[in-house]
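The structure appears below as structure tokens.
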2 protein chains.
Amino acid sequence: MKTSNHSPTALLRAHGLRVTPQRLAVAEYVLRKPMHVTARIVHEKIRESYPAISMNTVYLTLGQFERCGLLNRFEVHGNIVFDSNTSPHDHACCNRCGAIIDLDSPRSEPSEQAAPLPEQLRQWQIKAERRIWMGLCPACNAESVL
Amino acid sequence: MKTSNHSPTALLRAHGLRVTPQRLAVAEYVLRKPMHVTARIVHEKIRESYPAISMNTVYLTLGQFERCGLLNRFEVHGNIVFDSNTSPHDHACCNRCGAIIDLDSPRSEPSEQAAPLPEQLRQWQIKAERRIWMGLCPACNAESVL
DNA sequence: GTGGTAGATAGGATGTATTCCTATAAAGGA
DNA sequence: TCCTTTATAGGAATACATCCTATCTACCAC
């Protein structure tokens, strides 16, 4: 159990990353369950148990996790958001409260599972596709009507 | 011809905006043809003919044009980009040179023209949908192979 | 035309997210 | 245990976007 294949330590090793306390702390917080976080949020959270961690380290660590495929990065309202759900999916973001939700079944047709590459991108080397819906979540929408 | 319905002056008036030299200059540059610009680019361009224009005015003007539906706003690599092509379409962005292109036929199926709203968003009030493909454009892809 | 007022502009100050730089510290292999 | 490579902390730097305010101007009423 101590070093199972799913432990943060094993995960870092499996991706060729040195195991440091900072990386373990970030991995345990971010990779434990699907979530959306900014560098600032991670920094605040990790500082609770590791007060000396710097913003720089958080950025570097999240960037490495992204390069390893452990995280996806997207942008909303000018902020970089890291997503530990790395299976392909779309997002919706509330313009008011900032809530971000995953869209589980983005494609209406099962045949579209693998998003079809537009004809114009035949000669591109596509690395990522991001789709985001923006508007008011049910709660904020109800408030704005009042 | 002087004040045709398609002149920048008429366009501003039609949207309830006061006609100022600054707004005319921005409108003539940005709205003449479909293009993608940042506030910085607009500022640099307008200053050629109007050296005193401030960044603040550019931001305000572009924001107003957006609120009027004359421009769409999206984000790529942390920058706000304004798009004078307001018909629904997707984008592709080159990670290397920053080029942004419009995708004319984003939906493979004609029936999908109106992007189907995911089931999970039934109770949301959706204002906009953005979809962006990221990778290497043909030119940069060729270079990276060398 | 002219005058008055709501709205626009310039310019600087401010805030904030991200990246850069560098000396020090630590991980992990020999 | 030593040594080399890599990571970290902390501060500096950058860049984008917004806020603030005095001044100016478009345009409506007269």
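Predicted model, so just to flag it, every value in this text is computed and none were measured.
Put simply, the side chain of Arg67(B) does not reach to within 4.5 Å of the side chain of His15(B), judged on heavy atoms. By the 4.5 Å heavy-atom criterion applied to side chains, Trp124(A) and Leu136(B) are not counted as neighbours. Contact of the Arg40(A) side chain with the Thr38(A) side chain is registered, since non-hydrogen atoms from C-beta on lie closer than 4.5 Å. Leu117(B) has its side chain out of reach of Arg122(B): every pair of non-hydrogen atoms, C-beta onward, lies at least 4.5 Å apart.
Note on Glu75(A): nothing from the nucleic acid sits closer than 4.0 angstrom, heavy atoms only.
Between Arg96(A) and Glu143(A) there is a salt bridge, since at least one side-chain N of the basic residue sits less than 4.0 Å from a carboxylate O of the acidic one.
Following rounding to the nearest Å, Leu60(B) (CG) and dT18(D) (P) show an atom-to-atom distance of 9 Å. Taking atom CD of Gln64(B) as the reference point, atom P of dA17(D) lies 17 Å away to the nearest angstrom. dT18(C) atom C1' lies 14 Å from atom CZ of Arg40(A), rounded to whole Å. Per the geometry, CZ belonging to Arg47(A) stands 15 Å off C1' belonging to dT8(D), to the nearest Å. Atom NE2 of His77(A) and atom P of dT16(C) are 17 Å apart (whole Å). Note: CZ (Phe65(B)) to P (dA8(C)) measures 12 Å, nearest angstrom. Rounded to an integer number of Å, the gap from CG of Leu12(A) to P of dA7(D) is 11 Å. Atoms NE2 (His43(A)) and C1' (dG11(D)) sit 13 Å apart, rounded to a whole Å.
Rounding to the nearest 0.5 Å places CZ of Arg130(A) at 4.5 Å from CG of Asn72(A).
Five base pairs at each end of the helix from dG1(C)-dC30(D) to dA30(C)-dT1(D) define two local axes, and these are offset by 40° (rounded to 10°).
Side chain of Arg23(A), nearest nucleotide from dA9(D), dA7(D), dA10(C): dA7(D).
Each of Val81(B) and Gln22(B) lies near DNA chain D, and the nucleotide nearest Val81(B) is the one positioned closer to the 5' end.
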From CA spacing to verdict: side chain to side chain donor-acceptor pair (under 3.5 Å), Asn85(A), Asp102(A): CA-CA 9 Å; Asn85(A) 176 2; Asp102(A) 284 0; 2.9 Å; yes
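Residue Glu44(A) places its CD atom among more than 12 non-hydrogen atoms of other residues, nucleotides or ligands, all under 6.0 Å distant.
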Contact pattern, 5' to 3', of nucleotides 19-30 of chain C - B, S or - by protein heavy atom under 4.0 Å: BBB----BBS--
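Note on ring orientation: taking the six-membered ring where Trp is involved, the planes of His36(B) and His89(B) are tilted (angle from 30° to 60°).
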